[in-house]
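To start, the structure itself, in structure tokens.
The sequence lines fix the lettering, A, B, ..., with proteins before strands; numbering per chain opens at 1.
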There are 4 protein chains.
Amino acid sequence: MSQVEDVAQDQLRSFVERIERLEEEKKTIGDDIKDVYAEAKGNGFDTKVLRKVISLRKQDANERAEQDAILELYLQALGMVVDLPKN
Amino acid sequence: MSQVEDVAQDQLRSFVERIERLEEEKKTIGDDIKDVYAEAKGNGFDTKVLRKVISLRKQDANERAEQDAILELYLQALGMVVDLPKN
Amino acid sequence: MSQVEDVAQDQLRSFVERIERLEEEKKTIGDDIKDVYAEAKGNGFDTKVLRKVISLRKQDANERAEQDAILELYLQALGMVVDLPKN
Amino acid sequence: MSQVEDVAQDQLRSFVERIERLEEEKKTIGDDIKDVYAEAKGNGFDTKVLRKVISLRKQDANERAEQDAILELYLQALGMVVDLPKN
DNA sequence: ATTGATCACACCTTGC
DNA sequence: GCAAGGTGTGATCAAT
């Protein structure tokens, strides 16, 4: 194999290793997050709702309002009572 | 292979085939559902909201109220203003 | 409500009904599958292993498709035309 | 608010903060991965193929684990004890 | 019946 | 803008 190919091969190995290393770290963090949810659950918190809280804090309020408006519209079109779902 | 084992083998084959057949049908239905959503999208409907509508109609209202109560509680505990998220 | 909105409303209803109908069918199939597993269990088969068998047969199929995809990818990466017959 | 509720509230805040902190870290790692791919691309590598390589190496690892699981399952189905050394 | 694990489905982000 | 891959969520099943 030529020297040029050697360099390319070394680079490739390096990239693969760096990516795999980072993905491992990422997975670890993901597992940590799971652990925290589990711990919260062990302390009596409802993880589903907890996730919702996290999600709400992340979300942009405007987008939410927008979606709400569309949903309300559809429900009205179907003749369903609105002002029920706060979920 | 004994006759007893033959029977067992035949039965096994039969079960596997029946299950695979049914799973295929199930997948077909799933694809059909996807198609309907796609068609709705093509007619200008927001599929995300449409899914929400379907989901709402399926859900039991009591459960929803229950979840809402817990969520509200958590948000209050965090000092977040409530009555915002209708999502 | 305008005629335009009437049409939209009718369309919406139609989509919702079609989806709900299909989901009902899907659920029926799912129940059928459950029944077959129950029957198999009643005939002395270990459902856990049976599920594994089904799963493996599905994976095998997927993997074959995967192999084709990889081959095509590599050929493309090498600059080779790939629109050959699909076997 | 009662002392009991205070504790719950503090716990909740703590959980939310820990999760949000971890998710931030996770996002950072994700961005790092993106950077590596970009760098690889800058060095002439085809990122699509590179991703495929990473993916294949991951699958291989998963499959090995899978094989172990199947073996154990079958041994259990045959009534054999399986708590043997993990290699 | 309830809970925990497993699995498929849906969403979202990213790359093309 | 579409396609795909990864992530998160919900349903399902076995075990207690």
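One finds the NZ atom of Lys52(B) at 10.0 Å from the CG atom of Leu75(A) (value rounded to the nearest 0.5 Å). Residue Tyr37(C) holds its OH atom at 10.0 Å from CG of Leu22(B), rounded to the nearest 0.5 Å. To the nearest 0.5 Å, atom NZ of residue Lys34(B) and atom NZ of residue Lys27(B) are 6.0 Å apart. The structure places CZ of Arg21(A) at 9.0 Å from CD1 of Ile29(D), a figure rounded to the nearest 0.5 Å.
Distance Leu50(C) CG to dC7(E) C1': 16 Å, rounded to the nearest Å. What separates CG of Asn62(C) from C1' of dA8(E) is a distance of 13 Å, to the nearest Å. Look at CD1 on Ile33(B): it is 11 Å from C1' on dC9(E), rounded to the nearest Å. Here dC16(E) presents its P atom at 15 Å from CZ of Phe45(D), a figure rounded to the nearest Å. In this structure, the NZ atom of Lys27(B) is 12 Å from the P atom of dA8(E), given to the nearest Å. One atom, CD1 of Ile19(B), and another, P of dA8(E), lie 13 Å apart when rounded to the nearest Å. Between the C1' atom of dT6(E) and the CD atom of Glu66(D) lies a distance of 12 Å, rounded to the nearest Å. The nearest whole Å value for the distance from the CD atom in Glu23(B) to the P atom in dC13(F) is 11 Å.
Within 4.0 Å (heavy atoms only), Ser55(C) reaches no atom of the nucleic acid at all. Backbone-only contact: Lys41(A) has heavy atoms under 4.0 Å from sugar-phosphate atoms and none from a base. Lys26(B) comes within 4.0 angstrom of nothing in the nucleic acid, heavy atoms only. Among the heavy atoms of the strands, none lies under 4.0 Å from Lys48(C). Heavy atoms of Lys58(D) sit under 4.0 angstrom from primed sugar atoms or phosphate atoms, though from no base atom.
In the set dC16(E), dC13(F), dG8(F), dG8(F) carries the atom at the smallest distance from any side-chain atom of Arg51(A).
Between the Tyr74(B) side chain and the Leu12(D) main chain, no donor and acceptor come within less than 3.5 Å of each other.
Between Lys52(C) and Tyr37(B), the one whose closest nucleotide on DNA chain E sits nearer the 5' end is Lys52(C).
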